[in-house]
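Presented below is the structure to which this report refers.
Chain letters run A, B, ... following the sequence lines, proteins first, then strands; residues in each count from 1.
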Number of protein chains: 2
Amino acid sequence: MTADPSAAFHDHDHAACAATALSRAEAICADAGVRLTPVRRRALEILLEEHRALGAYDVLEKLAADGFGKQPPVAYRALDFLVEQGLAHRIRRLNAFTACTTPGDAHAPVFLICSTCDAVAEAPGAAVRDALDGAAESIGFAVTRASVEAVGLCPACREATS
Amino acid sequence: MTADPSAAFHDHDHAACAATALSRAEAICADAGVRLTPVRRRALEILLEEHRALGAYDVLEKLAADGFGKQPPVAYRALDFLVEQGLAHRIRRLNAFTACTTPGDAHAPVFLICSTCDAVAEAPGAAVRDALDGAAESIGFAVTRASVEAVGLCPACREATS
DNA sequence: AACGCGCATGTAATATCATAACGTTCCGGG
DNA sequence: CCCGGAACGTTATGATATTACATGCGCGTT
Ligand SMILES: [Zn+2]
Ligand SMILES: [Zn+2]
Ligand SMILES: [Zn+2]
Ligand SMILES: [Zn+2]
């Protein structure tokens, strides 16, 4: 059940898409022996509502509306947890967070950010990562973490523009 | 005179390295018909002092010490100008800026950031960019801008750790 | 049961990064 | 000379992120 990486840019059964991600998240947490507590779970649900990236304060606002704490650390802690567990990613270019669409898979994600509709997709990044490792290794640099973030036009917006 | 991309991680004649970058910057600005004013030039010199990335407020502090304005826009404007002209790059992962080591060359830079000594190098990113374009194109996404930033260990720090 | 401990949660306060809005100066073209 | 745009400066504010500390809860030990 490898997800379509471009789903973010197409109509799809998103309720199912989010539900799958959520149940995978539960399995992953159980497996790792960590707790997907109510705030954390709710934060993930919030990120899963759309294929976009949300700022910590956006998430915080929704969490607060649901009766959770109103202070920044509430959101940052939940989000940090999700990122640590590989259930969400931080998009540095946007100072924002997005739910991982393929949690559990080892992956070197490449983010594609549509500048028109703000959708964010996670493309398979193995080839990019290989190229990066090659470039780094050639000058003796050992990569431990990398972020690859591209801004551009998604298929739908591309069509609309043409 | 293609610069060694790994110079940032090695001992080298850095005075010459910085002087070259500065004179290339002057040529580029003259060529583009834009003005490398005193603040802008000084900001570039500050970035060129080390192969590291500096936050806007770090640059601002040094500019202020040299008699320029003391308010954030002073630094941000100078830095934005340098980035626009391709004389500096913004490292989003660090919320910081670094001087371009090969200004003028069309380049799709890949940044290598040493987590131990904070040095930042700019590696040739053509291969990475090709892989990225391929991944994006396969799902119909057209990349307009990309940032590739890797954190890891530079050759020197790698050796020190082993 | 009582205790001690780790972890999750909450709050207040503060730090860090970035931009908006506006006035002044400088300088080249009409 | 006068105008207009670009650069620079300031004040104020907005947006993002962290530090420090208090409280409550589950859980194994005594
Ligand atoms: Zn979906
Ligand atoms: Zn789009
Ligand atoms: Zn140098
Ligand atoms: Zn190093």
Original post:
Asn95(A) CG to dC17(C) P: how many Å, rounded?
Top reply: 11 Å

Subject >> Which residue lies more 5' along DNA chain D, comparing Pro38(B) with Gly55(A) via nearest heavy atoms >> reply: Pro38(B)

Original post:
How long is the line joining CZ of Arg40(B) and P of dA6(D), in whole Å?
Top reply: 11 Å

**OP:** Find the distance Arg77(A):CZ to dT23(D):C1' and express it as a whole number of Å.
**Re:** 12 Å

Original post:
If you measure from CG on Asp58(A) to CD1 on Ile46(A), what distance do you get to the nearest 0.5 Å?
Top reply: 10.0 Å

**OP:** Can you figure out which of dT11(C), dC17(C), dA13(C) approaches the side chain of Lys70(A) most closely?
**Re:** dT11(C)

Subject >> Residue Gln71(A), side-chain atoms from C-beta onward, closest of dC8(D), dA12(C), dG10(C) >> reply: dA12(C)

Subject >> Upstream residue (5' side of DNA chain C) when Ala56(B) and Arg35(B) are each assigned their closest nucleotide >> reply: Ala56(B)

Original post:
Can you name the nearest heavy-atom pair linking Glu122(B) to Thr101(B), along with the distance?
Top reply: OE1-N, 3.3 Å

**OP:** Determine whether Leu47(B) and Leu87(B) make a side-chain contact, defined as any pair of heavy atoms from C-beta on separated by less than 4.5 Å.
**Re:** no

Subject >> Heavy atoms of other groups near Glu61(A) CD, more than 12 under 6.0 Å >> reply: no

Original post:
With sugar-phosphate meaning primed atoms plus P, OP1 and OP2, does Arg92(A) contact a base, only sugar-phosphate, or nothing at under 4.0 Å between heavy atoms?
Top reply: nothing

Original post:
Taking CZ from Phe68(A) and P from dG10(C), how many angstroms apart are they, rounded to a whole number?
Top reply: 7 Å

Original post:
Atom CZ of Arg42(A) and atom C1' of dT9(C): how far apart are they, to the nearest Å?
Top reply: 18 Å

Original post:
Considering only dA20(D), dG9(D), dC17(C), which nucleotide approaches the side chain of Tyr76(B) most closely?
Top reply: dC17(C)

**OP:** Answer yes or no: does a side-chain N or O of Arg90(B) lie under 4.0 Å from OP1 or OP2 of dA18(C)?
**Re:** yes

Subject >> Atom-pair distance (CD1 on Ile91(A); P on dT16(D)), nearest Å >> reply: 15 Å

**OP:** Round to the nearest Å and state the distance from Asp66(B) atom CG to dC8(D) atom P.
**Re:** 14 Å

Original post:
Which of these nucleotides, dA17(D), dG10(C), dC8(D), is closest to any side-chain atom of Val39(A)?
Top reply: dG10(C)

Original post:
How long is the line joining CG of Asp80(B) and P of dC8(D), in whole Å?
Top reply: 12 Å

Subject >> Base dA17(D) to side chain Tyr57(A), donor-acceptor N/O within 3.5 Å cut-off >> reply: yes

Original post:
Taking the side chain of Thr37(B) as its heavy atoms from C-beta onward, which of dT9(C), dG10(C), dA7(D) lies nearest to it?
Top reply: dA7(D)

Original post:
If you measure from CG on Leu36(B) to CG on Leu82(B), what distance do you get to the nearest 0.5 Å?
Top reply: 7.5 Å

Original post:
Side chain of Pro73(B): nearest nucleotide among dT19(C), dA17(D), dA18(C)?
Top reply: dT19(C)

